[in-house]
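Reviewing the structure listed below.
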Amino acid sequence: MINLEILNPAQREAVLHTDGPVMILAGAGSGKTKTLVTRIMYLLEELKISPFQVLALTFSNKAAREMRERVSAEINMDIGALKLTTFHSFCSNVLRSEASYIGLSRNFTIYGDSESKAIVKTLMSRHGISPKETSPFEILRYIDNIKNNGHYIGREIVNPAVVDPEDEFYTLYQEFEAELAKANAVDFGGLITGVIQLFEKHPDVLDRYCKRFKYVLIDEYQDTNRAQFTLMEKLSSVQRNICVVGDEDQSIYSWRGADIRNILDFEKIFPDAKLIKLEQNYRSSKTIIEAAAHVIGNNELRKGKSMWTENPDGEVIHIKELGSDKDEAAFISQEILSLSDSGVEFRDMAAFYRTNSQSRILEDYLRTNHIPYRVVGGVKFYDRKEVKDLLSYVRLVVNSRDSLALSRIINVPTRGVGAVSLRKIEDLAVQNSVSLWKVMEDIVDNPDNYKHIRLSAKVKSSLRSFVSLIQEVCLLNENKAKPSAIYEKILFESGYWDHLRASSDYESQARMENLEELQSAIVQYESDAEDPSLLGFLETITLDTTKEEDDQNNGQVSLMTVHGAKGLEFHYVFVTGAEENLFPSFQSVEEGGERIEEERRLFYVAMTRAMERLYITFAQGRLLFGQVKFNGPSRFLNEIPEHFYSWDKPTGNRSNSSFSKSKGNDWDEVSQAVNYDEPVFEVRSVVVTAKYPKGSRIRHAIYGEGSVIQSDGSGSDEKVTIKFSDGSRKKFMVKFAPLTII
DNA sequence: CACCGTTAAGTTTTT
DNA sequence: CTTAACGGTG
């Protein structure tokens, strides 16, 4: 029997309203996961729905795992058949099961961002587009955008505003798709569009899935893109029991295609939809909730919820103004130490930052103060060069058509098959329209047929041993050898390990340790998986990048980006770097509009992580790209009503003159040389006395009118970045540039 | 073909 | 200040 007494009325309604479409708008800390878990239990236990007939999709593996654990802990039933997984993993499963319908081979490789980028780069060079005029990212974003909007090859153009078939980029998109098909690979976006394609071309297949899934649940609905929306719509088209849960105020991934319209327009698309708002917050103090509500209230793009809480007022928000980024890190360390002295556990404290690069200085200070900490996210293990190299061997073994993987490792470690030889072999592959691997095999088998391309004896002998190594490994793989055994064979017989051992520098040492860690990851996978295989391992790591350590906290302070903090909560929270051009980021400041709204949502997410005490810190000057920047406090601080915070200025100050002269490492010394007498405003006046402060309209004798978007230094050192009316940006030394104020 | 020095540019990243 | 990517030399 399910206990519904523990739910508030809105939560209970969210559980009990099982017929027809429902949208649950769940504010931060409103018991969203609890409600979802209870709803699933209610379906299974009270309505006697088979776990096999329930589909629950989340965005992160972490969320999926957590939910599954909670359901299985509270229910006396085998929920192995319950499809509770991520969008991408679900789609990958569907594609592998139904691969034959759309001309895929079921051992397809999933390409991540870096693989996609590599393909784009080769396409660009083929078209003679230099990366200087067009960034590969621009093209990637274009391709991504097409897919996020649910378009795939062969489908009529979804939205002519998004996709113009005459566009040169569209040609690149088509070629990109052709490359993927050749490599028997699917990228992240393609997993989703692939399933849409499958369902549109084969209604019988769709029908099978529709009949199976009587109930569909979507978590983090604010982060779905149009393609995911289309998919969800199709899957629930027969039963119409679709339940989406989200919070438009926590939509922080629009730059990855998340479409906030999915949430704003849900009721238009499903006119019979039931709308339920979970507005009571159980997490934070009343002060934090009300302050955060004021900030997010400045956004236009929202449906509007009114968050409230029965929690006590708690203390005011501690806004702390500091001289420099170092002072900020020092302050946070000191504060953590004194909290710890008064009995607060390290695990209950966290510091958030807008950009990963801000973590370094914090780490330095935490380390010197002997504070245990963990960095969540950050540099991804599977992005390391050596790890990618070894995984490329594995990918080649699993899918011999993966030419990208092959060309990555054909000369790693160096075997004398360099760019020139590779080029020749690639040309052959194109001419005969076969895969790179097939050509290599053929060169080894029938060397006489390839005399005309003049490969050196060294190259040929290298190819021979390389090909036979891969063939041996493939054989092992076909005979279901243990993935870890296969990995070891590759590691040692490819010469990779010896190559690292040969160079005794510190870096190679670290690389060897990483490869050992990869080995343990495989062993771990073998003990977890039901039917371990190399393919399964690859799939697991491309679709689930969470590290083991990220899931547990052994009494450490947590450091992470604000993005990484979504869904988490801590008793004591430091939101750092609350400065203009940092939080909100300078790109968003420049573009304004919806971009600022997204930054505001990000700020809102950061604030609402805190349960008891919230610190917001900012530095008057910060070392960015080796230069001190004076950005001033974040606009979001002004959006918090005064009575919710205390605003502490630095205890010390440095003189005006030393500030303007300081740059680079001088900053350090200046920062130590504290002058306790002068008021703090002196420092900020430096910014104000700039001849051309940020925002001023100017005329340049040659380039015409524009506005100053950035101002650094002062006096004869002053530099300004100006955005002209034609959109171009230029940087000038004020003392040389012919500028006048308008 | 491999290595080293110079140069340019620099968000966020559930999958 | 970093790091990735390029171009020249051994």
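What you see is a predicted model; the values in this text were computed from it and never measured. A, B, ... follow the sequence lines: proteins, then strands. Residue 1 opens every chain.
The side chain of A:R360 lies closest to C:dT2, out of B:dT14, B:dT12, C:dT2. When the nucleotides B:dT15, B:dT11, B:dT13 are ranked by their closest atom to the side chain of A:T86, B:dT15 comes out on top. Picking from B:dT11, B:dT13, B:dT14 the nucleotide with the shortest atom distance to the side chain of A:N356 gives B:dT13. Distances were taken from every side-chain heavy atom of A:D223 (C-beta onward) to each of B:dT14, B:dT15, B:dT12; the shortest belongs to B:dT14. The side chain of A:R595 lies closest to B:dT11, out of B:dT14, B:dT13, B:dT11. Each of B:dT15, C:dT2, B:dT14 was ranked by its minimum atom distance to the side chain of A:F59; first place goes to B:dT14.
Across all strands shown, A:S421 has heavy atoms under 4.0 Å from sugar-phosphate atoms exclusively, and none from any base. Within the nucleic acid shown, A:Q358 has no heavy atom closer than 4.0 Å to any nucleic acid atom. Within the nucleic acid shown, A:F87 has no heavy atom closer than 4.0 Å to any nucleic acid atom. Within 4.0 Å (heavy atoms only), A:S585 reaches at least one base atom of the nucleic acid. Residue A:K121 is in sugar-phosphate contact alone, with no base atom involved, counting any heavy-atom pair closer than 4.0 Å across all strands shown. Using a 4.0 Å heavy-atom criterion, one finds that A:V420 contacts the sugar-phosphate atoms exclusively. When heavy atoms are screened at a 4.0 angstrom cut-off, A:K117 is found touching the sugar-phosphate backbone but no base atom.
Following rounding to the nearest Å, A:L623 (CG) and C:dT2 (P) show an atom-to-atom distance of 10 Å. One interatomic measurement links the two molecules: CG of A:L57 to P of B:dT15, which rounds to 14 Å at whole-angstrom precision. With rounding to whole Å, A:L624 atom CG is found 11 Å from B:dT11 atom P. Rounded to whole Å, the distance from CG on A:N93 to P on B:dT15 is 15 Å. Rounded to whole Å, atom P of B:dT11 lies 22 Å from atom CZ of A:F352. Rounded to whole Å, atom P of B:dT15 lies 13 Å from atom CG of A:D219. Rounded to whole angstrom, the span from the CG atom of A:L543 across to the P atom of B:dT13 amounts to 19 Å. In this structure, CZ of A:R423 is placed 13 Å from P of B:dC1, rounded to the nearest angstrom.
Using modelled atom types, one finds a donor on one side chain and an acceptor on the other under 3.5 Å when comparing A:N631 with A:N581. With hydrogens and angles left out, the side-chain atoms of A:E248 and A:S251 include no donor and acceptor closer than 3.5 Å. Side-chain N/O atoms of A:Y111 and A:D402 include a donor and acceptor closer than 3.5 Å. There is no side-chain donor-acceptor pair under 3.5 Å between A:S89 and A:S92. Side-chain atoms of A:N184 and A:N107 include a donor-acceptor pair closer than 3.5 Å. A:E386 and A:N514 form a side-chain donor-acceptor contact under 3.5 Å, judged by distance and modelled atom types alone. Using modelled atom types, one finds no donor on one side chain facing an acceptor on the other under 3.5 Å when comparing A:N149 with A:R226.
Of all heavy-atom pairs spanning A:N61 and A:L543, the tightest one is ND2-O, 2.7 Å.
Residue A:N61 has no polar side-chain atom (N or O) positioned under 4.0 Å from OP1 or OP2 of B:dT14.
Taking the 5.5 Å centre cut-off and the 30° plane limit, the aromatic side chain of A:W255 is classed as stacked on B:dT12.
In this structure a side-chain-to-backbone donor-acceptor pair under 3.5 Å is present from A:R415 to A:I410. Judged by distance alone, with hydrogens and angles left aside, the side-chain atoms of A:Q358 form a donor-acceptor pair with the main-chain N or O of A:R354 at under 3.5 Å.
Annotation: proximity of residues 243-251 of chain A to DNA chain B (heavy atom, distance under 4.0 Å) is found for no residue.
Side-chain to base pairing of A:R354 with B:dT12: one donor and one acceptor N or O lie within less than 3.5 Å of each other.
Under the 4.5 Å side-chain criterion, counting only non-hydrogen atoms from C-beta, A:F352 is not in contact with A:V605.
Comparing A:T542 and A:L422 against DNA chain B, the residue whose closest nucleotide sits nearer the 5' end is A:L422.
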Check: protein-nucleotides 2-10 of chain B nitrogen or oxygen pairs below 3.5 Å:
{"residue": "B:dA2", "atom": "OP1", "partner": "A:N411", "partner atom": "ND2", "Å": "3.2"}
{"residue": "B:dA2", "atom": "OP2", "partner": "A:N411", "partner atom": "ND2", "Å": "3.3"}

